[in-house]
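This one's a predicted model, so the numbers in the text were calculated from it and none came from an experiment. Read the numbers this way: they start at 1 and go in the same order the structure lists the ligands and their atoms.
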Amino acid sequence: MGHANPGGSGDTGGMSSVVVEPSGPLVGTVEVGGAKNSVLKLMAACLLAEGRHTLRNVPQITDVDIMAEMLEALGATVTREPGDVVVIDTPAADQLIAEAPYELVEKMRASIVVLGPLLARCGRAKVSMPGGDDFGSRPIDFHLLGLEAMGATFSTSHGFVEGEVGDSSGRLVGAHIVLDFPSHTTTDNLVMAAVLAKGTTVIDNAAREPEVQDLAALLNAMGANVCGAGTSRIEIDGVEELSATSHAVITDRVVAATYLTAVAMTGGELVLPDARVEHMDMFLRKLAAIGVELDHGPQGLRATASGALRAVDVATLPYPGFATDYKPFLVTALCVADGVSIVTENLFSGRFRYVDELRRMGADIRTEGHHVVVRGIERFSGAPVKAADIRAGAALVLAGLVADGPTVVGDAEHIDRGYADLPGTLAALGARIWRQ
Ligand code: EPU
């Protein structure tokens, strides 16, 4: 990706550990920035129209850099400009290279979202099959079934899935798709495929995440007809052509939740001027239940905490339920809450790996299938630990804030995939934290 403004707060210089010492109370204001799980799809959506697309409020995270590399491998030009702006120049369809390379898909599973736009625009696409990851097997069967219903045929060989549109016009055709599960990225992929299809597509049991609504808002601004995003039935009337536009990414609710949990644990006062409280209702209810005082006014969302927390039970569910991405933070807070909590994971079978690391820091957690039982302790015990993924890494940093002695979180480059500068932001709130 070209940089009109090299350097920036997201420049991590390849550091791989974060050191955290007991800290608190944390006090201050944090600008949360744009949502990773929205911007990655918005960038892929820019493949759907020739021209110069402008995305604003784009976070300086490495997943955005990986998606930029992907778009460049497909034939687009991506430039980062000052003020969190990314400009994407997309060529004519016959100049796109409809092949997503292994090296990039392997780095970031979300790359699969280029499949729908490439099929819609080029009539064919070859994408490396994403592998599993640290929270279990993550298949792409829903993506392929939905696209097949719209007239694509797929074959797999040598680690790639290759799709082709059967219709002689080279366009996908509208279909009625019922998802087995309201999968977030499948919904994004199918909506992007449907906007240029012939006729009407209806997606039932669609994901209702705010990031799906953000994608629909961008597509509609490009000239698409997407109705019902944010509900479980999305209807898309296909159009022949879209045009480039400018769009601001919605605020990242998971990053907001990270800073809110930090203050819940250390005590203090935090203001998030750009938080979208309507997107994180279930999380805020649980935060209030464990003892955080919340107030939403013209200044944004204000959280005040004493650091004394109460136990609560939680089960993850698709939006508007309690997001699986919030769970590592809440589990970490519950480790130092008063009482016993039961936390149930309903989305990703293996999303408990950070639990072993929290145990190394003295947490009293028992895993039973997809449940964990957490008995509150007084404080964590600082230790060297490893980040298995973005949210697990952030959770271990939070644990370090209320540990005895220093905690060294290794493999911290995982954290930079989803946070512009987690250590720097926490340090600005008063935490004793630095990269090593
Ligand atoms: N699933 C299938 N087949 C498919 C697709 C999904 O069986 O073809 C299953 C998954 O295995 C899982 C469930 O459906 O059990 C839900 O997965 P979903 O497709 O909704 O997840 P995703 O779209 O791949 C997004 C976020 C994740 C977030 C989940 C759940 C992006 C790029 N990723 O993943 O975010 O945890 O939704 O809300 O949008 C993160 O930010 O760190 C992250 C992992």
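Only the side chain of K36 comes within 4.0 Å of ligand 1, judged by heavy-atom distances. Proximity of R109 to ligand 1, defined as any heavy-atom pair under 4.0 Å, is not found for any part of the residue. Of the heavy atoms in F348, only side-chain atoms (C-beta onward) come closer than 4.0 Å to ligand 1. Under 4.0 Å from ligand 1, heavy atoms of D141 appear from its side chain as well as its backbone. When non-hydrogen atoms are compared, ligand 1 lies under 4.0 Å from the side chain of F181 (C-beta onward) but not from its backbone. Here T185 has heavy atoms under 4.0 Å from ligand 1 in both its backbone and its side chain. Under 4.0 angstrom from ligand 1, there are no non-hydrogen atoms of D180.
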- request: Apply the test side-chain hydrogen bond (donor to acceptor under 3.5 Å, both in side chains) to residues S246 and R56: give CA-CA distance (whole Å), side-chain angles for both, the deciding distance (0.1 Å), then the verdict.
  value: CA-CA 8 Å; S246 168; R56 293 171 280 118; 3.1 Å; yes

task: Evaluate side-chain hydrogen bond (donor to acceptor under 3.5 Å, both in side chains) for E235 paired with T200, printing each intermediate quantity in order.
output: CA-CA 7 Å; E235 276 194 43; T200 301; 6.0 Å; no

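Considering both main-chain and side-chain atoms, T324 never comes within under 3.5 Å of ligand 1 through any nitrogen or oxygen pair. Considering backbone and side-chain N/O atoms, I390 never comes within less than 3.5 Å of an N/O atom of ligand 1. Residue P139 has at least one N or O atom closer than 3.5 Å to an N or O atom of ligand 1.
Set against the non-hydrogen atoms of T186, the atoms of ligand 1 under 4.0 Å away are 5 (C). For ligand 1, the atoms sitting less than 4.0 Å from at least one non-hydrogen atom of D325 are 27 (C), 28 (C), 35 (O), 36 (O), 38 (O), 40 (C), 41 (O), 42 (O), 43 (C), 44 (C), numbered in the order shown with element in parentheses. Annotation for ligand 1: atoms under 4.0 Å from non-hydrogen atoms of H143 are 8 (O).
With respect to R124 and E162, a salt bridge is recorded, a charged nitrogen being found less than 4.0 Å from a carboxylate O. Ionic pairing of D416 and R435 is present here: one or more N-O contacts between side-chain nitrogen and carboxylate oxygen are shorter than 4.0 angstrom. In this structure, D356 does not pair ionically with R360, as no charged nitrogen and carboxylate oxygen lie closer than 4.0 Å.
Partner of D63 under the salt bridge (charged side-chain N to carboxylate O under 4.0 Å, His left out) criterion, chosen from K107, R417, K41: R417.
Among S111, S183, A110, S38, the residue whose heavy atom lies nearest to atom 18 (P) of ligand 1 is S183.
Among all heavy-atom pairs drawn from M280 and R276, the shortest one is CG-O, 3.5 Å.
Heavy-atom contacts from other residues, nucleotides or ligands closer than 6.0 Å to CZ of F160 number more than 12.
At least one heavy atom of K41 sits closer than 4.0 Å to an atom of ligand 1. Contact between A323 and ligand 1 is absent, with no heavy atom of the residue lying under 4.0 Å from the ligand.
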